[in-house]
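For clarity, every value in this text was computed on a predicted model and none was experimentally measured.
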Amino acid sequence: MKLSKRLLTIASMIPQGIPCADIGSDHGLLVEYLLKNKLVPSAYASDNKKGPFSRLNENLKKYIDLGLVETNLSDGLDNLPCKYKTVVIAGMGGELIGEIISKNINLLENIEYLLLAPHGREKEIRNLLVNHGFRIKDENVIFEGHFYEIILFEKGSQNYSEFELKYGPINLMKKNQNFINKYQARINSNKEILVNPHLTNERKQEVKSLIEEDIYLLNSLK
């Protein structure tokens, strides 16, 4: 079984020895890897599409038969059993991940860890979880055709500045090269946007502000 760099990074960040739920599990590759390598004692895998859910059950049949995996054709956190203390939500837009969590905000009481890999809107995700009793335990940025941010939250309170919520307190501490490359690439991309002669003045100022913020970030890491 060969996992992508993104899934391998996610697997390496999952707290070991704790029942784990993978929401939007697709074909169940992450769950299969976790169980095969005995990183978690049991797992829950869900998907809301019939095709991937069918393949998920085929791929995980061995572990289902052993009673190590529960599967569910459902949306988000709907029907999540309370015994799963770690929840992984990856491969979705940040807005959708926020909606999934907000829809079942009461379930956060039973969850100890949330490992999220949003495609964008990382600041909003950090804000949401920090405002509901979680702190940021770990973060990573990887590049696999695109830049992906992966954030591990654990139950507990901590105060963060707006700057930390925007870029990630652990990212700022680690100064990971992929993290630096992500924002250098964004600066370059936004500079290209500024060349567009049809940009409104309002949009131009918006883009200039983004460039200035990201330049300030990179200078602060030196």
Take Asn140 and Lys174, measure what side chain to side chain contact (heavy atoms under 4.5 Å, CB included) needs, and give me the verdict at the end. CA-CA 9 Å; Asn140 273 305; Lys174 284 183 175 179; 3.2 Å; yes
With the threshold set at 4.0 Å, does a side-chain nitrogen-carboxylate oxygen contact exist between [X] and [Y]?
X	Y	result
Asp78	Lys103	yes
Glu144	Lys5	no
Lys62	Glu32	no
Arg126	Glu139	yes
Arg203	Glu206	yes

So, Gln205 versus Asn201: side-chain donor-acceptor pair below 3.5 Å or not? no
Whether the Asn219 and Lys222 side chains hold a donor-acceptor pair (N or O, under 3.5 Å, no angle test) is what I'd like checked.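 Side chains of Asn219 and Lys222: pair found under 3.5 Å.
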Could you walk me through whether Lys182 and Glu149 satisfy the salt bridge (charged side-chain N to carboxylate O under 4.0 Å, His left out) test, starting with their C-alpha distance in whole Å, then the side-chain angles of each, then the deciding distance to 0.1 Å, before giving a yes or no? CA-CA 10 Å; Lys182 173 183 175 176; Glu149 291 202 30; 2.7 Å; yes
Are Lys50 and Leu73 close enough that some pair of their side-chain heavy atoms sits under 4.5 Å apart?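 A side-chain contact under 4.5 Å exists here.
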Backbone N or O of [Y] within a donor-acceptor pair of the [X] side chain at under 3.5 Å?
X	Y	result
Asn37	Leu39	no
Ser102	Gly98	yes
Ser189	Arg186	no
Tyr113	Cys20	no
Asp138	Leu152	no
Asn104	Leu107	no
Asp47	Asp26	yes
Lys191	Lys208	no

How long is the straight-line distance from OG of Ser4 back to CD1 of Ile142, given to the nearest 0.5 Å?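 So the gap between those two atoms works out to 6.5 Å.
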Would you compute the distance between atom NZ of Lys85 and atom CD1 of Ile18 and round it to the nearest 0.5 angstrom? 10.0 Å
I would like to know whether Lys123 and Glu162 meet salt bridge (charged side-chain N to carboxylate O under 4.0 Å, His left out); could you show each step before the answer? CA-CA 9 Å; Lys123 182 183 178 183; Glu162 285 298 304; 2.9 Å; yes
Given the side-chain rings of Tyr167 and Tyr183, with only the six-membered ring counted for Trp, is the space between their centroids under 6.0 Å?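 Here the rings of Tyr183 and Tyr167 have centres that are less than 6.0 Å from each other.
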I'd like to know whether the aromatic ring centres of Phe163 and Tyr216 sit less than 6.0 Å apart in this structure. yes
Looking at Val88, Ile23, Asp22, which one forms a side-chain contact (heavy atoms from CB on, under 4.5 Å) with Tyr44?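 Result: among Val88, Ile23, Asp22, Ile23 is the only option passing the side-chain contact (heavy atoms from CB on, under 4.5 Å) with Tyr44.
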Could you check whether atom CG of Asp65 has more than 12 heavy atoms from other residues, nucleotides or ligands sitting under 6.0 Å from it?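 Yes.
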More than 12 heavy atoms from other groups under 6.0 Å of CD on Gln177: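 Atom CD in Gln177 is packed in, count exceeds 12.
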Using the side chain to side chain contact (heavy atoms under 4.5 Å, CB included) rule, take Ser46 and Thr71 through it: C-alpha gap first, then chi angles, then the decisive distance, then the call. CA-CA 6 Å; Ser46 72; Thr71 64; over 6 Å; no
